[in-house]
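One structure is given below, encoded as structure tokens.
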Amino acid sequence: WSTGVLRLIKTPLPQRVASEFGPKFIKPRRPGLHVDDLSATTTAPSVEECCADVARLAQTIQLEFQTKRGLAFAPDKGYVIASDPAIARAAVNLTDLPVQAAASVRRLGIDYHLEATPSRRVARTPVQAGRFKEAVKRVVRLRRFVPNGSAGLFAAGVGPVAYHGTDHIRMAPPLVHSLQKKAVASGQVRPFGTPAEVALLAHPITYDPGYKIAAQPIIRWAREVWMSDHPLDIHPDRLTPAELTQAQRVFSQTDPSELPQGPLAAIAGALAELQWTAVVPQCLGPPESPLALNLSVGSPTMLAHFVRTRYEGLRHDRIRARMSERACPIPYERIHWPLLGRFLRSTKTPVSSKAALLSALYGSFPTPLWLWAHGWKVDRECIHCGRLLDLRHVLNGCDDTGGYQKLLAALLPLAVPQPPPDEGIRCMINGAPTEWDNFALEPGQPVFTDGSAIHVQYQEIAQAGAAVFQIDSQGVHRVALARV
């Protein structure tokens, strides 16, 4: 129907619907009629009342449009969308309009699946597939306009297109791996013969698509926990504690592949990627310590820190497993990885040096011997001394200058000084130590806090401390100190 036709007919119809349904409805049962093409919405406290309302709405719409005005509905463009698939199927059976129950919908560029059990029919995510194709096109344009590559442009211009909605819908692991490969291809550091996870060590963790896709559902779930704990009703659509518990049981006890596409599948996929579990809605953690991370007492920045630390640790575990299966020149355990990470992410290090080092550590540096072993028609022996042209000979030369030994020595783990034993929170009253159980601040009096950190760029020796100080109404000094 054209806009002009709708303008002529839309005024009597809301009046007709309002005259029939308006006096009967009070909050939260209120129907609404919206003209885009044509959509009618109703809410009710029970399934039976909702189905009855839909049937009466359909009867009124059919009378006003088809019977009185002779306007036919398209037979293949009518859909019934409901919070429960059973309601949609029941509504279809109760109306004579040419409608069908919708199995998936799209809202704000995100696919939502409404079926309780995933199947091939509803497993497609056309919006997400379209965004992935657009991200691929942007990578091609980036490589054309910036031939040398720019990881920052990928993170700022390509990643947001591909990551949009990953807190509401689970991205398949093959797509995540493909994005990681494209992130490496879009950057300047492209080591020869190394997987994407190894090459991404040369970039900040926030440039890794795997981290971004794993972190977004966790932070989104934490937002629901924070809103449920807020004393004020700051959001009308926040989940109740009972709904949080019901959702937590579903995504923590079900495999991500067995959940329909939606927020629960996204959270389950993120927990599986991080190898975390959730025994209560407010806590996340590994199976051996499921209550390690309490979402109700932390900040978003602290949560992102823990997610980042967990993802980095698991990434290094995968790299260790890969290197143990290969004939790498240096074992994983003999490399000081924090030092190597600072070297790779330094802007002062030449890009060629970063790529060469990663290839050498992974055992894929293109020496003549490596090329010969992989089918290239090259001489594997030195024409001067007759020895094999492996990495050791390429670095040392025929005269054994010691370049290979210097590389090994530079990567050896350094002796890290151990801090004093953690004493926990130390409490003092007027300078005298006291037990934590006997320490308390006086309500209503000002409290002063401060903290500082040292060597934050060196995670092996970084330390931080904080203190809380108060002078109560009696002039007593109360202090609590902590060091981490």
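- Annotation: cation-pi geometry satisfied between R326 and Y362 (NZ/CZ under 6.0 angstrom from ring centroid, within 45° of ring axis).
- Between L239 and L244 the shortest side-chain heavy-atom distance falls below 4.5 Å.
- With E243 contributing its side chain and T240 its backbone, the two residues share a donor-acceptor pair below 3.5 Å.
- Formation of a donor-acceptor pair under 3.5 Å by the T277 side chain with backbone atoms of P290 is not found in this model.
- Nearest approach of L361 to P329, heavy atoms of both residues: O-CD, 4.0 Å.
- In this structure a side-chain-to-backbone donor-acceptor pair under 3.5 Å is present from N93 to R89.
- Proximity of a side-chain donor or acceptor of N396 to a complementary backbone N or O of G403 within less than 3.5 Å is detected.
- The neighbour count for D379 CG, taken as heavy atoms of other residues, nucleotides or ligands under 6.0 Å away, does not exceed 12.
- The closest side-chain donor-acceptor pair between Q248 and S252 falls under 3.5 angstrom.
- With no hydrogens or angles considered, no side-chain donor-acceptor pair links H393 and Y404 at under 3.5 Å.
- Among all heavy-atom pairs drawn from Q128 and R170, the shortest one is NE2-O, 3.9 Å.
- In the model, S296 has no side-chain atom that pairs as donor or acceptor with a side-chain atom of Q282 under 3.5 Å.
- With respect to the salt-bridge test (charged N to carboxylate O, under 4.0 angstrom), the residues R380 and D390 do not qualify.
- Under 4.0 Å is where a charged nitrogen must lie from a carboxylate oxygen, and between R318 and E312 no such pair does.
- Looking at every heavy atom in both residues, V378 comes nearest to W372 through O-CD1, 3.5 Å.
- Residue-environment remark: CZ (R249) stays at or below the threshold of 12 foreign heavy atoms within 6.0 Å.
- Checked against the 6.0 Å centroid criterion, the rings of W370 and F192 qualify as a close aromatic pair.
- V184 is not listed as a side-chain neighbour of K181, based on a closest heavy-atom distance of 4.5 Å or more.
- Between V176 and E273 there is no side-chain heavy-atom pair separated by less than 4.5 Å.
- In this structure the side chain of H336 reaches within 4.5 angstrom of the side chain of P338, judged on heavy atoms.
- The heavy-atom pair separating F154 from A183 by the smallest distance is CE2-CB, 3.4 Å.
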